[in-house]
Amino acid sequence: MIEPALRFAGVGKSYGEARILDDLHLEVAEGEFFVLLGPSGCGKTTLLRMTAGLQTLDRGEIYLRGTALSPVPPEGRNIAMVFQDYALYPHMTVYQNMAFGLRRHARRRAETDAQVRKTAALLGIGALLERRPHQLSGGQQQRVALGRAIVRDPALYLMDEPLSNLDAQVRATVRTEIKELQRRLRVTTLYVTHDQVEAMTLADRMAVLNEGRVQQIGRPIDVYRAPANEFVAQFLASPKLNVFDGTLERAAGTASVRTAIGTFAFPNPPSSLGEPTALRVGLRPEEIKVSFPIDESEPHLSVRLIEPLGSQVLVIAERDGTQVTVSVAADALPAEPRRLRVVPAGCAVHLFDRGGLALAHFISA
Amino acid sequence: MRLQSDRLAAARPYLYLTPTLLVLATFTYLPIARLAEMSLHAPGTGASLGPWIGLSAYQKLFSNPLFWRILGQTFAYVFASVPIAMALGLGLALLLDQPLRGLGLLRALYYAPVVMPTVAVAALALWMFNPNGGLVDYLLHLVGIAPIPWLVDTTWALPTLIVIAVWKNVGYYMVIYLAGLQALPQAVLDAARLDGARPLVRFFTITLPLLRPTTFFIGVVALIGSFQVFDFVNLMTQGGPSNATNVLVYFAYQNGFAYMQLGLAAALSLVMFALVLAILGLVAWTFNR
Amino acid sequence: MMRRFATYAVLVAGLFPLLLPFYWMAVTSLKAKRDVFTATPQWLPLHPAWDNYPLAWSAEPFGRFFFNSIVVTTLIVASQLVLASLAAFALARFEFRGRRAIFWLVVAALIVPVQITFVANFMTLARFGLLNSYLALVAPYAASAFGTFLLRQAFAAVPRQLEDAARLDGCSGLAFLWHVLLPLSRPTLIAFALVAVVAHWNDYFWPLIVTNNNAVRTLPIGLGMFVGQEVTTDWNLLMAASIFVSAPMLLLFFLMQRYFVRARLHTGIRG
């Protein structure tokens, strides 16, 4: 077996009684862009800081290219980190910021100079080298922070929500840049975020974390299509996952789930499903098919609110205390819709047991 | 190996603190205990202590009418000079807190006396208030006021010292008040303006209450500072005429170094310390109510 | 318009009592002895007696006092900066047992001025035969509770991420203090240093207690002796001496005004 670039073996961390991380196992391949996704307080930043050596671990070990990291001090780990607030040295120029670590690691002046200039050119900040951080825009500061990591030519990049302080516009640009850069440099990257869009767009593979435990590991698209549990499905939904109580009904060769908004039919019910009668049904707003009936006699929900997002429109509808949020293409929306009906055929349905564990994912027939 | 370096790392903050704590212990904390010790013993030969005498130094001090007079004079000095200088400082700060040309220079000029050595100020004041050719008397003469025996009269001497102290310190209070004013939330002042409050009303209902923390800070610093008044007394009046300007620190200095009553001086120092603590407590209590 | 005029009028009127003494000090210092006492004061030195300055300078060993003041002030301020930086570093950036208690211990020292402890400190120094030495002048001020407090506040304001970044760059411990904390706290450092320079250059009380020998006396003591001797006679010389004793601080103040004002803004102790 080839040793992965980065391996977390049973890593645990507690603060007093609170378990921040619990028996965590992860492997990141060489050159992989790996994203840790989770809500704040899930332990993802702690994991990053432990990898950097800024915090100690209570249990387990982290291996970088097969070497146990615990005995190695932060500066000896050959790891570079990009911080949420960039953490640029305010009293140093861009050049000095980038050169500082190299000089502390006893590189020669000429070598340092060449490295800094090469990296600055790569990031397109060559003209800013003599500026100080406060003279730079947020996006430029972010690039310098990246530069400071890249210039060290480390075995691993750690990125702690590096985009969260940028304006929406700049964020998208820098996101693309980070992705391109990582593709080009092929340096193993561990990236922490709470933003599912960042995770989906950047990650080769990702791990969803909650309350110190790994919920699911996989390629973004796989995690999206088949979330391992209700938490993951909820976290990857935008703006939110519609969840309904449902009852499973089996007939010869088919099965269906009845909910307050409609009955969804399994095309090929897996045998693994067993016979749970009561379960939870999740539908993402963008995965629900709807129609807007004019006729009042058809069963329907009443439209409560319309939130235009541009090309998409969120429609919130309700009946008897059951609310559903759906995302509809703007040009498919009639003027002033009053009634909404869920069309089961074609909806993507996620079934969970009462404990939230995923049972099946299917497209309703 | 690992353990050893861990232990070393744990010791580092204490290592960094040691020099500072050593100096503070030697010259600030322990002297308080040493003063107590000295005040309870008769003076010995050289640096050693004589026999235990209990509280008799304090008894001697408290039964001395001069002590009570000096205590009163110190309070008079403190509670006249501090409020006057603070009020003037606030007034200047209000005037200077405006976007007008040349105010930076004025600010600097008003501050200049603060950086002057007290000795130079004392020399200058002795000359200005001199009964023989002093400029102050001459200026009063111009407006028809007879010469005043500033520093040589028991009634006038203490007020004269107060005037000099105010002149020296007002710039200091001004600058801190300026900082306080500039930190005020502009939106609140604007709101009061829109509510139609006149400038004077705005000052008393908005500005002054918002400046409370600044006033508290200045009050504490000024009280501690002016309680220690010594330089002007020693240089200009030596506590005279007939003890009219004698103050606690000067009295302790006299006892310790002129009359060689070290026990008494130590007792006096501790009484001062207690007074400083009491006044601080009182000020803190007033402001936290 | 009217308000602006009124503001200027009041402020300029206020300048009169403020600046007149300075002016009078300067004018007197340049008067010949016979021009000092006149029935109507001479507002201008008609025959500037520049000689007053060298005369005053040699009336006491002011050269020696000047030298002593420079040595003592430099030693005190340098020591305070070093010790306060280290102590503040510990208090601001380390977790350790007793941190809060030590912090409050340092703050408490602020309310115990030398005017309270001088009798005890004099005895201590006397016992070790240290009176009349630079050590006696410097040692009680070698550390500064105020400087420690100020720098602690400045150091504590530096974000933790910066410390993390520095550690990954191989810069921790004293290197972090030197390369990051101190440069970042430059305004506070300068402000504190200036306040300390002024306070100890001008200090009259403590040198008075521990010196009685011209070899170690400082400028304020020298001028104080001059005040004692020259009262009622040579006001011109005394004013000249007052000017050259004050000049370094006034000069420093007008050159570094920006930092002085900042010192007051952030701190506020008397200089």
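FYI, side chains are in, hydrogens and waters are out, and symmetry mates aren't considered; it's all heavy atoms of this structure.
The greatest number of non-hydrogen atom pairs below 4.5 Å with chain B, out of C/Leu83, C/Thr117, C/Ile116, is found for C/Ile116. Interface check for chain B: of the options C/Gly173, C/Pro113, C/Ala247, the most heavy-atom pairs under 4.5 Å are formed by C/Pro113. Heavy-atom pairs under 4.5 Å with chain B were tallied for C/Ile243, C/Ile209, C/Thr148, C/Ile221; the largest tally goes to C/Ile209. For chain C, the option among B/Leu22, B/Leu109, B/Leu96 with the highest count of heavy-atom pairs below 4.5 Å is B/Leu109. For chain C, the option among B/Leu92, B/Asn234, B/Thr26 with the highest count of heavy-atom pairs below 4.5 Å is B/Asn234. If you tally non-hydrogen atom pairs under 4.5 Å between each of C/Pro140, C/Ser246, C/Ala90 and chain B, the highest count goes to C/Pro140. Counting heavy-atom pairs closer than 4.5 Å to chain C, the top-ranked of the candidates B/Leu235, B/Leu15, B/Ile224 is B/Leu235. By number of non-hydrogen pairs under 4.5 angstrom with chain B, the leading residue of C/Val119, C/Leu219, C/Thr124 is C/Val119. Chain B forms more heavy-atom pairs under 4.5 Å with one residue of C/Val82, C/Leu208, C/Val10 than with any other, namely C/Leu208. Highest contact tally toward chain C, considering only B/Phe230, B/Tyr110, B/Tyr14, B/Phe273, is held by B/Tyr110 [criterion: heavy-atom pairs under 4.5 Å].
When heavy atoms are compared at a cutoff of 4.5 Å, C/Phe96 approaches chain B by way of both its backbone and its side chain. Looking at C/Val114, neither its backbone nor its side chain comes within 4.5 Å of chain B, counting heavy atoms on both sides. Heavy atoms closer than 4.5 Å to chain C are found nowhere in B/Ala183, neither backbone nor side chain. Both the backbone and the side chain of C/Leu174 come within contact range of chain B, each with at least one heavy atom under 4.5 Å from a heavy atom of that chain. When heavy atoms are compared at a cutoff of 4.5 Å, B/Leu124 approaches chain C by way of both its backbone and its side chain. Residue B/Leu30: no heavy atom, backbone or side chain, is found under 4.5 Å from chain C. With a 4.5 angstrom heavy-atom cutoff, B/Leu277 touches chain C only via side-chain atoms. At a 4.5 Å heavy-atom cutoff, the contact between B/Leu21 and chain C is made by side-chain atoms alone. Using a 4.5 Å cut-off between heavy atoms, C/Ala241 makes no contact with chain B at all. For a residue to count as touching a neighbouring chain, one of its non-hydrogen atoms must lie under 4.5 Å from one of that chain's; by this rule B/Thr28 touches chain C with backbone and side chain alike. With a 4.5 Å cut-off on non-hydrogen atoms, C/Arg99 does not touch chain B at all.
In this structure, CG on C/Leu105 lies 7.5 Å from CG on B/Leu24, to the nearest 0.5 angstrom. Expressed to the nearest 0.5 Å, how far CG of B/Leu135 lies from OG1 of C/Thr28 amounts to 8.0 Å. Remark: B/Trp127 CH2 to C/Met25 CE distance equals 13.5 Å, nearest 0.5 Å. Atom CG of B/Leu105 sits about 7.5 Å away from atom CZ of C/Phe254, to the nearest 0.5 Å. For the atom pair CE (B/Met38) and CE (C/Met123), the distance works out to 4.5 Å, reported to the nearest 0.5 Å. Interatomic distance, B/Met116 CE to C/Asn202 CG, rounded to the nearest 0.5 Å: 9.0 Å.
Minimum heavy-atom separation, B/Ala123 to C/Val227: CB-CG2, 3.9 Å. The nearest pair of heavy atoms linking C/Leu20 to B/Leu139 is CD2-CD1, 3.6 Å. Across all non-hydrogen atoms, the minimal contact from B/Pro117 to C/Val245 is CG-CG1, 4.1 Å. Closest non-hydrogen pair, C/Leu18 versus B/Pro113, comes out as CD1-CG, 3.7 Å. C/Phe253 approaches B/Val115 most closely through the heavy-atom pair CB-CG2, 3.9 Å. The two residues C/Ala84 and B/Thr20 have their closest heavy-atom pair at N-OG1, 4.3 Å.
Classification of the C/Phe205-B/Tyr253 ring pair by plane angle, with boundaries at 30° and 60°, yields tilted. Classification of the C/Phe118-B/Phe257 ring pair by plane angle, with boundaries at 30° and 60°, yields parallel.
Between C/Phe22 and B/Trp167, a ring centre-to-centre spacing shorter than 6.0 Å is recorded.
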Item to complete: List the steps, then state whether side chain to side chain contact (heavy atoms under 4.5 Å, CB included) holds for B/Val119 with C/Phe226.
Response: CA-CA 10 Å; B/Val119 191; C/Phe226 202 28; over 6 Å; no
Worksheet entry | Working for side chain to side chain contact (heavy atoms under 4.5 Å, CB included), residues C/Val112 and B/Tyr29 | CA-CA 8 Å; C/Val112 190; B/Tyr29 312 133; 6.0 Å; no
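Considering only heavy atoms from C-beta on, C/Trp235 comes within 4.5 Å of B/Leu126 through its side chain.
Environment of CH2 in C/Trp104: sparse, with no more than 12 heavy atoms of neighbouring residues, nucleotides or ligands closer than 6.0 Å.
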